[in-house]
Number of protein chains: 2
Amino acid sequence: MKFEPVTIKQMARDLNLGISTVSRALHDSHEISEATKKRVVDYARKVNYIPNPIALSLRAKRNRSIGIVISQFNNPFCSQVVNGMESAFYKAGYQVSIVQTSESTEKEMKAIQYLSSRVDGLLVSISSETKSTEHLKDLYEKGMPIVFYDRICRDIPTHMTLSDNYRGAYEATRHLIGQGCRKIAFVGGAATQPIVQERRAGYLSALEDAGITVEDKWIHFLPKGGVHYVETEVAMERLLRLPRDKRPDGLLTAWDKVTADAYKYLRRHNIRMPEELALIGFSNFPLTDYVSPSLSVVQQQSEKLGEVAAGQLLALLQSKRKPLKYQTEVLMPEIIIRESSLKLKSKTEEQRAVSKIKGAKKR
Amino acid sequence: MKFEPVTIKQMARDLNLGISTVSRALHDSHEISEATKKRVVDYARKVNYIPNPIALSLRAKRNRSIGIVISQFNNPFCSQVVNGMESAFYKAGYQVSIVQTSESTEKEMKAIQYLSSRVDGLLVSISSETKSTEHLKDLYEKGMPIVFYDRICRDIPTHMTLSDNYRGAYEATRHLIGQGCRKIAFVGGAATQPIVQERRAGYLSALEDAGITVEDKWIHFLPKGGVHYVETEVAMERLLRLPRDKRPDGLLTAWDKVTADAYKYLRRHNIRMPEELALIGFSNFPLTDYVSPSLSVVQQQSEKLGEVAAGQLLALLQSKRKPLKYQTEVLMPEIIIRESSLKLKSKTEEQRAVSKIKGAKKR
DNA sequence: TTGTATGCGTTATCAA
DNA sequence: TTGATAACGCATACAA
């Protein structure tokens, strides 16, 4: 099967008119008589003429559309971000075309090649597998407006929007410490992900600031970034099989899927939260407030993030030349404390625990 | 900012060669000397030449890409479906471009117009607002391969893949009856949605088969399809404010978001499930097994659905002409019984309850 | 007021 | 082995 749309040329033949006459009539040009105009418009409607966007793009070198490169659809955080972007571009009259990389560099490259020349600009979150960004760099140097969001790429000087991953992790860890945890583990996604590294950095700083020594065995990265349950399962088993005095009493998970899977693991193995292990994790999943125990999360401002990034791209699209200065917008994630990490009931108890640590540090 | 890519013409000038020579060299044609070939290929690599897909498409009338029209990204069911489609098309060497309609007919029409001529085929789930499908019909008549999934359109004869919504609702209702519920309410999405209508039909049949009379007040549709929490909230309030003897003891929700919101409502108002109200609903949300009480769901085979629909579109893409016969693939959703609807603990008790009803019917 | 010719980036046909 | 040219669908400068 092949799509054979009506073209202007065809209509011109049918109506015994010149091609340009038809074209101008459709554009409601003043230099066409009302009679012909009506004849053309009516006929176009009758045969359901749709201008070929491909031809339009080729000619105008303008597509009135932008592309979003996303890692995983099936990730609430990502879809929330896209929602924010979509509504911003819709208002601005742009069509949005989304492609998924599934964390594969090969797919990412294909996706970007596919979108290049099809769109006027790109919103990109680079895939976790990606090492080299030559393909993007080159595109950018040729003038393609690109804005990075969430998983940014420092090699390319352009606008970017991201969450404050460092502080999110820092505050979450501090909260666990405040709850009395002293052996706090960290399970991230892929070690190669800058995002995960930042989250680890925040985690480490919080522990250092509290004077707590970290064991290497408490820190786990997942080779495939935690796409599959087993990866998290293995990490959890390693943590929980540590000898009693090394066994963690708190856990920070630094990746949405990992958070969900760690939670599942703990529930499946009847490990009580927060008594046996206090859990807080990065997550934008829905329903985390209704699981039992309810799940403490570091929640990113996903829709906002999408909107801000969209605004940056729109700015690039409108400016004549590359801007001299680039903005980096940083959004603070929300720390939502729920049952899975709440060991101390009252605020004062928490305060006391925190001050104890401070004392400990000074010693 | 504007993207200015390197073209064949430009390279031909730079290398002092003819345009067609360059083109053929890049295609590794045998009629080009190895020397020239190398010169061209090296240069192309150096300047990072990317063939312009727009021009390619215009010429070839072939895009090697397909479009997916989706209602809401931010809906686990949808993203799971897209995942299934994506992997199938990736294997087949197609790029996939996804656009969201957000349930708006206007967006849907724009999206379809945008995709027409940009893609070789379309996977469409029509938006809940959409009444007329002329835009699609016409496109289809001109030869655009279209496959409907989930929210199908009966006016257009083509392949389609969907869940057995009727049976899903029927079995879910039967389960509630088996649990001893006799006043079973139904909260759907938009009344206009054929899917919701089918689910209601299944619900009604199950009640009828069990000899249970339905009250109109037990059935609620949501004007905007339940996008916002308040819609579900209002419906729930109406149900729960009914006089004691009319107040439902069971509830079937027929839309993923509505299920989540109904669950939230019940938790927020401390209404015990299943004792005060047994809940089962259509849902592909993650974590439904870890909420407390765990949530009984009618879960669609989302990824499978995507794969099957993708297969149908690939078949259309490969066939020379419109097929004489169209397939409609129907997938049975899975009924997962969990705490929110499980009043009777043992299987035998449930059996007894069911046989009681059967007896009642015969009377 | 209408028609013809050109170019957008490519490939394919034909000629050299 | 190479190069010029037409065509894909459209808009527009220019000619009539």
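Chain naming here is simple, since letters A, B, ... match the order of the sequence lines and numbering starts at 1 in each. Computed from a predicted structure; not experimentally measured.
The separation between Asn52(A) atom CG and dC8(C) atom P is 18 Å, rounded to whole Å. Remark: P of dA11(D) and NZ of Lys9(A) are 14 Å apart, rounded to the nearest angstrom. For the pair Lys37(A) NZ and dT2(C) C1', the interatomic distance rounds to 13 Å; values are reported in whole Å. The separation between Asn63(B) atom CG and dT10(C) atom P is 16 Å, rounded to whole Å. In this structure, Leu58(B) atom CG and dA7(D) atom P are separated by 14 Å, rounded to whole Å. Rounded to whole Å, the distance from CZ on Arg62(A) to P on dG9(C) is 17 Å. Taking atom CD of residue Glu34(B) and atom C1' of nucleotide dT1(D), one finds them 12 Å apart after rounding to whole Å.
Relative to the axis of its first five pairs, the axis of the last five pairs of the helix from dT1(C)-dA16(D) to dA16(C)-dT1(D) sits at 60°, rounded to 10 degrees.
How far NZ of Lys137(B) is from CG of Asn48(A): 12.0 Å, rounded to the nearest 0.5 Å.
Other residues, nucleotides and ligands contribute at most 12 non-hydrogen atoms within 6.0 Å of the NZ atom of Lys38(A). Remark: Lys322(B) NZ is packed, more than 12 non-hydrogen atoms of other residues, nucleotides or ligands lying under 6.0 Å away. Other residues, nucleotides and ligands place no more than 12 heavy atoms under 6.0 Å from the NZ atom of Lys304(A).
Between Glu103(B) and Arg151(B), at least one side-chain nitrogen of the basic residue sits less than 4.0 Å from a carboxylate oxygen of the acidic one, meeting the salt-bridge criterion. With salt bridges taken as basic N to acidic carboxylate O contacts below 4.0 Å, one links Glu106(A) and Lys110(A). Ion pairing of Asp42(A) with Lys46(A) is absent here, as no side-chain N (NZ or NE/NH1/NH2) approaches a carboxylate O to less than 4.0 Å. Residues Glu34(B) and Lys37(B) are paired through a salt bridge, judged by an N-O separation under 4.0 Å between the basic side chain and the carboxylate.
Close to dG3(C), at under 4.0 Å from its OP1 or OP2, lies a side-chain N or O of Thr21(A). Taking only side-chain nitrogens and oxygens, Lys61(A) never comes nearer than 4.0 Å to OP1 or OP2 of dG7(C).
Nucleic acid contact class of Thr36(B) (heavy atoms, under 4.0 Å, all strands): sugar-phosphate only. Nucleic acid contact for Leu17(B): sugar-phosphate only, since backbone atoms but no base atoms lie under 4.0 Å from a heavy atom of the residue.
Under the ring-ring contact (aromatic ring centres under 6.0 Å, His included) criterion, Phe73(A) pairs with Phe73(B), sequence neighbours left out.
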Seminar exercise, completed: For nucleotides 11-16 of chain C, 5' to 3', base contacts (B), sugar-phosphate-only contacts (S) and non-contacts (-) with protein non-hydrogen atoms under 4.0 Å give BBBB--
